[in-house]
Amino acid sequence: QVQLVESGGGLVQTGGSLRLSCAASGSIFRIGAMGWYRQAPGKQRESVAAITSGGSTNYADSVKGRFTISRANAKNTVYLQMNSLKPEDAGVYYCNAVGVVSTDNRYGNDYWGQGTQVTVSS
């Protein structure tokens, strides 16, 4: 069983920065892509950023130039550096992992963390 645990959320003023981390644990051999999603109250969950095992990244237009996603494959960890935060960036941020291969060669897809709250005060 694969578990994802996020950390690093909190309260920050507009223009401030936060760094989110997500560590995957379990009998993991390889993770395909990892990403961050967010959900604001009353809104649908949306993709924020994603990164493949090879380091290719993509971002939502709303965060380009402000957020940076990175990962440490050896640690099965993905990070999201968020700079110049805006009130509209607030929400619960969820970590996602797809294409997970276990050490006994089983394949699993679409794992989610429990979420971490990001609040941006204006």
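Index from 1, following the sequence. Source: prediction; values computed, not measured.
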For Asn96, the option from Tyr111, Trp112, Trp36 that meets side-chain contact (heavy atoms from CB on, under 4.5 Å):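 Output: one option passes, namely Trp112.
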Any sub-3.5 Å donor-acceptor pair from [X]'s side-chain atoms to [Y]'s backbone N or O?
X      : Y     : value
Thr116 : Gly9  : yes
Arg71  : Gly55 : no
Asn76  : Ile31 : no

Ignoring hydrogens, what is the shortest heavy-atom contact between [X] and [Y]? Give both atom names and the distance.
X      : Y      : result
Asn109 : Gly99  : OD1-N, 2.6 Å
Val92  : Gln117 : CG2-OE1, 3.3 Å
Ala60  : Ser47  : CB-O, 3.5 Å
Leu18  : Gly8   : CD2-O, 3.8 Å

For [X], all residues meeting side-chain contact (heavy atoms from CB on, under 4.5 Å), sequence neighbours excluded:
X     : answer
Asn83 : Ser17, Gln81
Thr57 : Ile51, Tyr59, Ile69
Thr14 : Pro87, Val120, Ser122
Glu46 : Arg38

Atom [atom1] of [X] with >12 non-hydrogen neighbours under 6.0 angstrom:
X      : atom1 : value
Glu88  : CD    : yes
Asp110 : CG    : yes
Tyr107 : OH    : yes

Worked check of side-chain contact (heavy atoms from CB on, under 4.5 Å) between Glu6 and Gln114: CA-CA 7 Å; Glu6 301 102 332; Gln114 81 289 350; 2.8 Å; yes
Between [X] and [Y], is any pair of side-chain heavy atoms under 4.5 Å apart?
X      : Y      : value
Met82  : Tyr93  : yes
Leu80  : Val48  : yes
Phe29  : Ser102 : no
Val12  : Thr119 : no
Met34  : Thr77  : no
Thr103 : Ile28  : no

Contact list for [range], test disulfide (SG to SG under 2.5 Å), sequence neighbours left out:
range          : value
residues 4-75  : Cys22-Cys95
residues 34-71 : none
residues 55-93 : none

Residue list, ring-ring contact (aromatic ring centres under 6.0 Å, His included) with Tyr94, at least two apart or on another chain: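 If we apply the ring-ring contact (aromatic ring centres under 6.0 Å, His included) test to Tyr94, skipping adjacent residues, there are no hits.
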Selection residues 92-104 - residue pairs positive for salt bridge (charged side-chain N to carboxylate O under 4.0 Å, His left out), sequence neighbours left out: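 Counting only pairs at least two positions apart or across chains, the salt bridge (charged side-chain N to carboxylate O under 4.0 Å, His left out) contacts touching residues 92-104 are Asp104-Arg106.
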With Arg66 via salt bridge (charged side-chain N to carboxylate O under 4.0 Å, His left out) - residues at least two apart: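 Salt bridge (charged side-chain N to carboxylate O under 4.0 Å, His left out) list for Arg66, sorted by chain: Asp89.
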Qualifying residues under salt bridge (charged side-chain N to carboxylate O under 4.0 Å, His left out), relative to Asp61, sequence neighbours excluded: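 Only Lys64 meet the salt bridge (charged side-chain N to carboxylate O under 4.0 Å, His left out) criterion with Asp61.
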All pairs passing side-chain hydrogen bond (donor to acceptor under 3.5 Å, both in side chains) where residues 19-29 contributes a residue, at least two apart: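 Listed by first then second residue: nothing to list.
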